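Have a look at this one before I ask anything.
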Amino acid sequence: MTPSTPPNDRFLRALRREPVDRTPVWLMRQAGRYLPEYRASRKRAGSFLAMAKNPDFACEVTLQPLARFPLDAAILFSDILTIPDAMGLELYFVEGEGPKFRHPVRDAAAIARLGVPDMETDLRYVMDAVRVIRRELDGSVPLIGFSGSPWTLACYMVEGGGSKDFARIKALALNDPAALHQLLAVNTDAVIAYLASQLAAGAQALQVFDTWGGVLSPAMYREFSLPYLERIARELPRGDGADRTPLILFGKGNAAYLDDLSRSGAEGLGCDWLVELGDAARRVGGRVALQGNLDPATLYGAPDAIRRSVRHALDSYAAGNGGSREGHVFNLGHGMSPDMDPDHVAVLVDEVHAYSAR
């Protein structure tokens, strides 16, 4: 990059609700199995975890979608379960079943043994990946670091993996809420330390994935998820003024709580596709930027259908934001799936930029 070429900072500007030349776009799981080059890298590495724990491989796959599409941000290639893995739960993957832990925590005694990992020893591979990726990006686009939310991490830690009904963790919440709060507290301490270390290593924006917040009843969400997200937004040191590193809180099924989340101190909120983006914009009243919220299944549609859906999302946001497109980061309402067509992703990205050009 020559000195006369400014870095692409429209993603960061949009999160600060500043004017941009067009709406920025990045996609959750933009580095993933839908890309043949990703599948080739994974084959060379031997497994997902081997890629995630090798900074050079993590950098390689982080950059792959940027070589294909004019995206406005890169996101660190890693996994949300690195923290509990470093706590000693031993993360592993079963083909077709997803992540699992060899040592789940299911009672107060197991929870009491947990501690915050050391970020530059136990999780050094993540920080090294951030450093390598920042160097290789060379200022071209911002780098997003991320973590799972305290509640979402707890779901995997207690269930031992994914779940259809979250019976174990909901039973813990009902039968021993003090133990669950202790687990959420140590997770929150770890998430704050983890994101602060990613920031120190070079991340320029941070996102917290509350993937399973939407499985909670409103009363349980306000007890077991929301306060810990608020604590992260309040306590994570990320600077002041123009130098403040933006924090995005994304939650699947978080539409009912956008008002609360918009007052948390986070700079951005990610929305899933079950809320009209204009309605979300009206509800947050310009307090935060919004990110989202195209249904990922739209990418199974034909190119013209994708373009129509992109325009609808962009227009909906503007209609709810007083006619302005500022303060919007275009994204999906969740991550992409492995069987999606990269050519359809190109249509989406190009349409966001073309239709939103100021």
Side-chain angles (χ1 to χ4, degrees), residues 79-87 89 101 104-106 108 110-117 119 123 145-159 163 166 168-199 205-238 245-272 284 287-288 291:
D79 192 84
I80 64 169
L81 299 180
T82 51
I83 287 175
D85 183 49
M87 288 176 169
L89 275 64
F101 285 118
V105 293
R106 291 180 178 156
I111 290 167
R113 291 193 291 270
L114 297 173
V116 175
M119 299 301 154
L123 287 162
F146 71 91
S147 172
S149 73
W151 164 257
T152 292
L153 296 181
C155 287
Y156 287 100
M157 295 165 77
V158 174
E159 298 289 340
S163 177
F166 299 90
R168 286 191 173 99
I169 192 163
K170 288 186 178 182
L172 182 64
L174 293 165
N175 298 329
D176 195 349
L180 181 52
H181 279 299
Q182 184 174 356
L183 174 57
L184 294 167
V186 73
N187 282 355
T188 303
D189 291 342
V191 167
I192 291 170
Y194 188 55
L195 293 176
S197 293
Q198 289 184 42
L199 175 56
L206 300 165
Q207 176 156 314
V208 175
F209 286 86
D210 192 27
T211 308
W212 298 124
V215 307
L216 289 165
S217 69
M220 291 182 82
Y221 180 88
R222 293 182 189 282
E223 180 175 358
F224 295 112
S225 184
L226 180 62
Y228 297 98
L229 294 172
E230 291 172 333
R231 202 186 128 205
I232 292 166
R234 185 173 64 248
E235 296 182 16
L236 177 63
R238 53 190 198 279
T245 300
L247 173 69
I248 304 163
L249 301 178
F250 167 76
K252 191 177 175 186
N254 68 354
Y257 314 107
L258 291 174
D259 299 19
D260 298 289
L261 291 166
S262 72
R263 293 177 170 85
S264 66
E267 284 69 34
L269 299 182
C271 302
D272 71 12
V284 303
R287 288 184 292 274
V288 292
Q291 179 176 276

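What you see is a predicted model, and the numbers here were worked out from it, not measured in a lab.
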Worksheet item: What do the steps show when you test Ile192 against Val116 for side-chain contact (heavy atoms from CB on, under 4.5 Å), and what is the final call?
Response: CA-CA 10 Å; Ile192 291 170; Val116 175; over 6 Å; no
Discussion item. Could you measure the distance from the CG atom of Leu180 to the CG atom of Leu184? Nearest 0.5 Å is fine.
Written reply: 4.5 Å
Practice prompt. Scan side-chain atoms only and decide if Tyr194 and Thr82 contain a donor-acceptor pair under the 3.5 Å cut-off.
Written response: yes
Worksheet, complete the sentence: Taking every heavy atom of Ile248 against every heavy atom of Gly270, the minimum-distance pair comes out as CG2-N, 3.9 Å
Fill in: Chi angles and distances behind the side-chain contact (heavy atoms from CB on, under 4.5 Å) call for Leu81, Leu153
CA-CA 7 Å; Leu81 299 180; Leu153 296 181; 4.0 Å; yes
Fill in: Counterpart residues, side-chain hydrogen bond (donor to acceptor under 3.5 Å, both in side chains), relative to Asp79 (two or more places apart)
none
Item to complete: I would like to know whether Tyr156 and Phe101 meet ring-ring contact (aromatic ring centres under 6.0 Å, His included); could you show each step before the answer?
Response: CA-CA 8 Å; Tyr156 287 100; Phe101 285 118; 7.3 Å; no
Worksheet item: Are the side chains of Lys252 and Phe209 in touch, meaning some heavy atoms are under 4.5 Å apart?
Response: no
Worksheet entry | Distance (rounded to the nearest 0.5 Å) between Ser149 OG and Leu226 CG | 11.0 Å
Worksheet item: Got Leu236 and Leu199 here, is their nearest side-chain heavy-atom distance under 4.5 Å?
Response: no
Worksheet, complete the sentence: Taken to the nearest 0.5 Å, the spacing of Arg287 CZ from Leu258 CG works out to 10.0 Å
Worksheet item: Got Leu89 and Leu114 here, is their nearest side-chain heavy-atom distance under 4.5 Å?
Response: yes
Fill in: Side-chain donor or acceptor of Glu230 paired with backbone N/O of Ser264 under 3.5 Å
no
Fill in: Beyond-backbone contact of His181 with Glu223, side-chain heavy atoms, under 4.5 angstrom
yes
Worksheet item: Do Ser225 and Leu216 pass the side-chain contact (heavy atoms from CB on, under 4.5 Å) test, and can you show the C-alpha distance, the side-chain angles, and the key distance before you say yes or no?
Response: CA-CA 9 Å; Ser225 184; Leu216 289 165; 4.1 Å; yes
Worksheet, complete the sentence: Tightest non-hydrogen contact, residues Val191 and Ser147, listed as CG2-OG, 3.4 Å
Discussion item. Taking the side chain as everything from C-beta on, heavy atoms only, tell me whether Pro84 gets closer than 4.5 Å to Val105.
Written reply: no
Fill in: Partners passing salt bridge (charged side-chain N to carboxylate O under 4.0 Å, His left out) against Asp189 (at least two apart in sequence or in another chain)
Arg231
Worksheet item: Just one of Val288, Val284, Asp210, Leu229 clears the side chain to side chain contact (heavy atoms under 4.5 Å, CB included) bar with Leu261, so which one?
Response: Leu229
Worksheet entry | Test item: Val215 and Trp151 side chains (from C-beta on) under 4.5 Å apart, heavy atoms | yes
Fill in: Nearest atoms (heavy-atom pairs only) where Leu249 meets Asn254
O-ND2, 4.5 Å
Worksheet item: Does a side-chain heavy-atom distance below 4.5 Å link Asn187 with Met157?
Response: yes
Worksheet, complete the sentence: Correct closest heavy-atom pair for Ala190 and Met87 would be CB-CE, 4.0 Å
Fill in: Distance in Å, Asp176 CG paired with Arg106 CZ, rounded so as to fall on 0.5 Å steps
15.0 Å
Worksheet item: Closest heavy-atom contact between Leu183 and Ala154?
Response: CD2-CB, 3.7 Å
Worksheet item: CZ of Phe166 to CH2 of Trp212: how many Å apart, nearest 0.5 Å?
Response: 4.5 Å
Worksheet, complete the sentence: Of all heavy-atom pairs linking Gly265 and Arg238, the shortest is O-NH2, 2.9 Å
Worksheet item: If you measure from CD on Gln182 to CD1 on Ile111, what distance do you get to the nearest 0.5 Å?
Response: 6.5 Å
